[in-house]
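Computed from a predicted structure; not experimentally measured. Residue numbering restarts at 1 for every chain, and letters A, B, ... go by the order of the sequence lines.
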Protein chains: 2
Amino acid sequence: MDENSKYKDVLNREGIKSTRHRNAILELLEESESPLTAEQLYINLRDKTASIDLSTVYRTLDTFASKNLVIKSNRVDDGKALYELNHHDHKHHLLCVGCHKLISMEDCPMGELQQVLKKKMDFDVTGHKLEIYGYCRDCKKL
Amino acid sequence: MDENSKYKDVLNREGIKSTRHRNAILELLEESESPLTAEQLYINLRDKTASIDLSTVYRTLDTFASKNLVIKSNRVDDGKALYELNHHDHKHHLLCVGCHKLISMEDCPMGELQQVLKKKMDFDVTGHKLEIYGYCRDCKKL
DNA sequence: TTAGTGTTTGCAATTGCCTTGCATTTGCAT
DNA sequence: ATGCAAATGCAAGGCAATTGCAAACACTAA
């Protein structure tokens, strides 16, 4: 199978064409275990094989976001846009204030709380946002 | 008491001068029940009495943030910087997406989670942000 | 395979948020 | 009041992200 059409089906299902760049961006996002900035993707792609323009990266990511293929968020410290594959499962991250690494949490601690709120406060939870800051294993040593 | 030195003590305690602009910005932040952008503050101040420069607003807010008088964050959807008064008390709210009411939660559900994270992930929590969206008792009926 | 069509991309210019350098003004201790 | 460091206005600059347009490309139909 051609490396350049690895995600052809996914893309066609969304009604957009399968291109070299789009496949490459999806591949990079899939490889990364933490969200990436547009520039990180840009540099990575440029250094590999495929020369690409930064505007194409942004446009591609916006397209993906509008199709819900990727989730766009904003980094807490500097507000830069971050993009990650939408795995459709609910996820939270730990943000290390030392090295700015984002670590994924395997499960969501909101499950039980949701029950409690419904019972005690009569409040129906439809969504939530949880960000946790602190020091990761590596930064604690320094 | 002079309107322009309402927060003189607070400011002096942080080792910075009490000025017209700084007092006005603190006042606006205190009046607002939600975080504001620099521009919202700017427009509000300009329209009032005090002509002020946008760069002064940013500098003032940065100063306040470095003194922990205000908390700077980034809006989730567009990444714009938001500023709110640091009330120092640890609190979480339920935000009703129906009537936009803010309901205080009496206790913080992060306590136990903090222990778990330290043990399982070797991650030292220094802070967190939790926002819960949903429907309150009254809005559920509609 | 090839021609045709709408989509995607590169490039350059531009926008929008925010920051910085510098001259002037202001708050405040003396 | 006077002097000095801190705060401010103004204009220019920096950087992430967006946009207009022409060229390149993916896909369809013949």
Side-chain N,O (Tyr58(B)) to OP1/OP2 (dT19(C)) below 4.0 Å: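 For dT19(C), OP1/OP2 do not have a side-chain N/O of Tyr58(B) under 4.0 Å.
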
Side-chain N or O of Thr56(A) closer than 4.0 Å to phosphate OP1/OP2 of dG10(C): yes

Short side-chain donor-acceptor distance under 3.5 Å, Glu30(B) and Tyr7(B): yes

Whole-Å distance between [N] [atom2] and [X] [atom1]?
X: Glu39(B); N: dT15(C); atom1: CD; atom2: C1'; value: 13 Å
X: His21(B); N: dT26(C); atom1: NE2; atom2: P; value: 9 Å
X: Phe64(B); N: dA6(D); atom1: CZ; atom2: C1'; value: 14 Å
X: Tyr42(A); N: dA17(D); atom1: OH; atom2: P; value: 14 Å
X: Leu54(B); N: dA7(D); atom1: CG; atom2: C1'; value: 16 Å
X: Ile25(B); N: dT8(D); atom1: CD1; atom2: C1'; value: 11 Å
X: Ile43(A); N: dC15(D); atom1: CD1; atom2: P; value: 14 Å
X: Asn74(A); N: dG16(C); atom1: CG; atom2: P; value: 18 Å

Touch class at under 4.0 angstrom, heavy-atom based, for Ala81(B) against every strand present: sugar-phosphate

From CA spacing to verdict: side-chain contact (heavy atoms from CB on, under 4.5 Å), Leu69(B), Leu85(B): CA-CA 6 Å; Leu69(B) 289 176; Leu85(B) 231 47; 5.9 Å; no

Given dA26(D), dG9(D), dA6(D), the nucleotide with the shortest approach to the side chain of Lys17(B):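 Ranking dA26(D), dG9(D), dA6(D) by closest atom to the Lys17(B) side chain puts dA6(D) first.
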
Contact nearer the 5' end of DNA chain C, comparing Lys72(B) with Val57(A):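 Per heavy-atom nearest nucleotide, the more 5' residue is Val57(A).
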
Which residue lies more 5' along DNA chain C, comparing Asp53(B) with Thr60(A) via nearest heavy atoms: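 Whichever sits nearer the 5' end wins; that is Thr60(A).
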
Side-chain donor/acceptor contact of [X] with base of [N] under 3.5 Å:
X: Arg59(A); N: dG10(C); value: yes
X: Ser55(A); N: dC11(C); value: yes
X: Arg22(B); N: dG27(C); value: no

Thr60(A) side chain reached by Leu41(A) side chain, heavy atoms, under 4.5 Å: no

For the student: nearest non-hydrogen atoms of Asn74(B) and Arg75(A), plus distance: OD1-O, 3.9 Å

Closest heavy-atom pair and its distance - Glu39(B), Leu54(B): CA-CD1, 4.4 Å

